[in-house]
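Treat the numbers as computed from the prediction; the structure is a model and nothing was measured.
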Amino acid sequence: MRRTWPAHVTLIAGALVMLAPFAWQLIVSLQTLSDSLRVPPVLTPSWRWENFTDVFKTVPLGRQFLNTVVVTAAVTAGQLLLCSLAAFAFARLRFPGRGVIFMVFLAVLMVPQELFLLPRYEIMQGLGWLNTLQALISPGVFGAFGTFLLRQFFLTLPTELDEAARLDGASPLQIYWHVMLPLVRPGLLALGLLSVMWSWSSLLWPLVVNTDPEQMTLAAGLASLRGQFQTNFPILFAGSIVASLPVIVLFVIMQRQLIAGIAFTGTKG
């Protein structure tokens, strides 16, 4: 115990630093507008629970919550299906140019996503998809990171499984679906949780492509609460807490599976 107390002190201090913004968010969400704007700041809540109901009156939070659920579910399903198919091809199939194509995939990870903003917007505008949910869903259903992550899992599986399945007359698609996919369940779970968190909290793209409040996600809808001259921070923070609760609960429940899944990707290159 004497040897480990410095590590415990450091971890506790780090945890307190990370939790401080969330504690401040909770305090401000229960304050009045005047208290939230005071200098020096008021460090105690005013217990104004009406902020959590006022946020539903200020923006269509219920509709935006439903939009976020639909977009997140569709993006996660697309990531799991398309990324697993691509990862299986890169890890288990032999075809000309496989290494070069995969290096191009990895190079995409180094490009800032902001560079794709304008081309994506022009594509959505050409398709007539502005202010629609499909504009939020379509760019996120496939990703280079998900392909890389699942490829690492497929590489850990013995090649004898493929050979045995081929001897039984299975096609590559049957091998993928019936043999390989059940064995990479930890990777699918890790990618699914990451996709949920990324899609749920995505702000820049939803804020650009959808300007109709009824078609916004929670992150974009809450960002619209920021005024040009003044912002009602108690209502904004109350909405942020409501929006973040589902993801926090999901992460608390599934954090061990997520950490195990990410750690397992480094077992084979």
Side-chain angles (χ1 to χ4, degrees), residues 21-22 25-26 29 49 51-85 113 116-117 120-121 123-124 127-143 145-147 149-150 181 185-226 235-259 261-262:
F22 297 99
Q25 183 183 30
L26 181 60
S29 69
W49 297 98
N51 292 332
F52 288 89
T53 56
D54 289 346
V55 69
F56 286 88
K57 301 175 184 177
T58 307
V59 293
L61 201 67
R63 173 69 180 182
Q64 293 172 359
F65 186 90
L66 179 61
N67 293 342
T68 307
V69 171
V70 172
V71 171
T72 300
V75 168
T76 302
Q79 284 272 336
L80 294 178
L81 177 61
L82 299 179
C83 291
S84 63
L85 282 168
Q113 292 301 306
F116 300 123
L117 195 63
R120 285 176 178 174
Y121 183 86
I123 292 173
M124 298 303 147
L127 293 173
W129 283 4
L130 296 181
N131 285 316
T132 62
L133 293 185
Q134 54 263 37
L136 302 177
I137 295 171
S138 54
V141 295
F142 181 75
F145 175 78
T147 302
L149 181 70
L150 294 180
L181 205 59
R185 190 171 299 172
L188 293 173
L189 182 60
L191 178 59
L193 291 173
L194 289 174
S195 298
V196 167
M197 290 187 288
W198 287 338
S199 180
W200 192 275
S201 60
S202 178
L203 174 61
L204 182 58
W205 176 247
L207 199 60
V208 169
V209 76
N210 282 2
T211 56
D212 182 3
E214 294 290 334
Q215 298 297 327
M216 286 183 175
T217 57
L218 283 171
L222 292 174
S224 66
L225 291 175
R226 292 184 60 89
I235 291 181
L236 176 61
F237 284 15
S240 301
I241 291 175
V242 173
S244 59
L245 275 178
V247 178
I248 293 175
V249 172
L250 179 64
F251 179 77
V252 169
I253 295 175
M254 307 296 293
Q255 60 176 322
R256 290 192 177 185
Q257 291 85 344
L258 174 63
I259 295 172
I262 296 297

* For L80 and G192, which heavy atoms make the closest approach, and how far apart are they? -> CD2-N, 3.8 Å

* Between F116 and W205, does the ring centre distance come in under 6.0 Å? -> no

* Heavy atoms only: give me the nearest S84-L188 pair and the separation to one decimal. => CB-CD2, 4.2 Å

* Report the C-alpha separation of S201 and V247 in whole Å, then their side-chain angles, then the decisive distance to 0.1 Å, and conclude whether the side chain to side chain contact (heavy atoms under 4.5 Å, CB included) test is met. => CA-CA 9 Å; S201 60; V247 178; over 6 Å; no

* To do: List the atom of G187, the atom of L149, and the distance in Å for their closest heavy-atom pair.
  => O-CD2, 4.3 Å

* Using the benzene-type ring in the case of Trp, are the ring centres of W129 and Y121 under 6.0 Å apart? -> no

* Structure fact -> Nearest heavy-atom approach of A74 to V141 is O-CG1, 4.2 Å

* So how far is it from F142 CZ to L81 CG, rounded to the nearest 0.5 Å? -> 10.5 Å

* Verify, without hydrogens or angle tests, whether S244 (side chain) and I241 (backbone) share a donor-acceptor contact under 3.5 angstrom. => yes

* To do: List the steps and the verdict of side chain to side chain contact (heavy atoms under 4.5 Å, CB included) for F65 and F56.
  => CA-CA 11 Å; F65 186 90; F56 286 88; over 6 Å; no

* To do: Measure across G140 and V75 and return the closest heavy-atom pair with its distance rounded to 0.1 Å.
  => O-CG1, 3.2 Å

* State, yes or no, whether a side-chain contact exists between L130 and N210 at a heavy-atom distance under 4.5 Å. => no

* Donor-acceptor contact present, side-chain S202 to main-chain S199, <3.5 Å -> no

* Asked: Has the side chain of T76 got a donor or acceptor atom that lies under 3.5 Å from a matching backbone atom of A73?
  -> no

* Quick one: pull up CZ in R120 and CD in Q113 and give me the separation to the nearest 0.5 Å. => 5.5 Å

* To do: Using atom types as modelled and distance alone, determine if a side-chain donor or acceptor of N51 lies under 3.5 Å from a backbone N or O of A238.
  => no

* Asked: Yes or no on side chain to side chain contact (heavy atoms under 4.5 Å, CB included) for L194 and M197, after CA distance, side-chain angles and deciding distance?
  -> CA-CA 5 Å; L194 289 174; M197 290 187 288; 3.9 Å; yes

* Asked: Is a side-chain donor or acceptor of T147 paired with a backbone partner of G143 at a separation under 3.5 angstrom?
  -> yes

* Asked: Are the side chain of T68 and the backbone N or O of W200 linked by a donor-acceptor pair below 3.5 Å?
  -> no

* Asked: Do the side chains of S138 and M124 get nearer than 4.5 Å, heavy atoms only?
  -> yes

* To do: Kindly say whether G221 contributes a backbone atom to a donor-acceptor pair with the side chain of S224 at under 3.5 angstrom?
  => yes

* Asked: Hey, mind stepping through L222 and L61 against side chain to side chain contact (heavy atoms under 4.5 Å, CB included) and telling me if it holds?
  -> CA-CA 9 Å; L222 292 174; L61 201 67; 4.2 Å; yes

* Asked: If we only count heavy atoms from C-beta on, is the R226 to L236 side-chain gap below 4.5 Å?
  -> yes

* Asked: Short question: side chain of Q79, backbone of L191 - any donor-acceptor pair under 3.5 Å?
  -> no

* To the nearest 0.5 Å, what is the distance between CG (L85) and CG (L181)? -> 8.5 Å

* Asked: Can you check whether M216's main-chain N or O pairs, donor with acceptor, with N67's side chain at less than 3.5 Å?
  -> yes

* Asked: Would you say Q64 and T217 make side-chain contact, with heavy atoms under 4.5 Å?
  -> no

* Shortest non-hydrogen contact from L136 to P206? -> CD2-CA, 3.5 Å

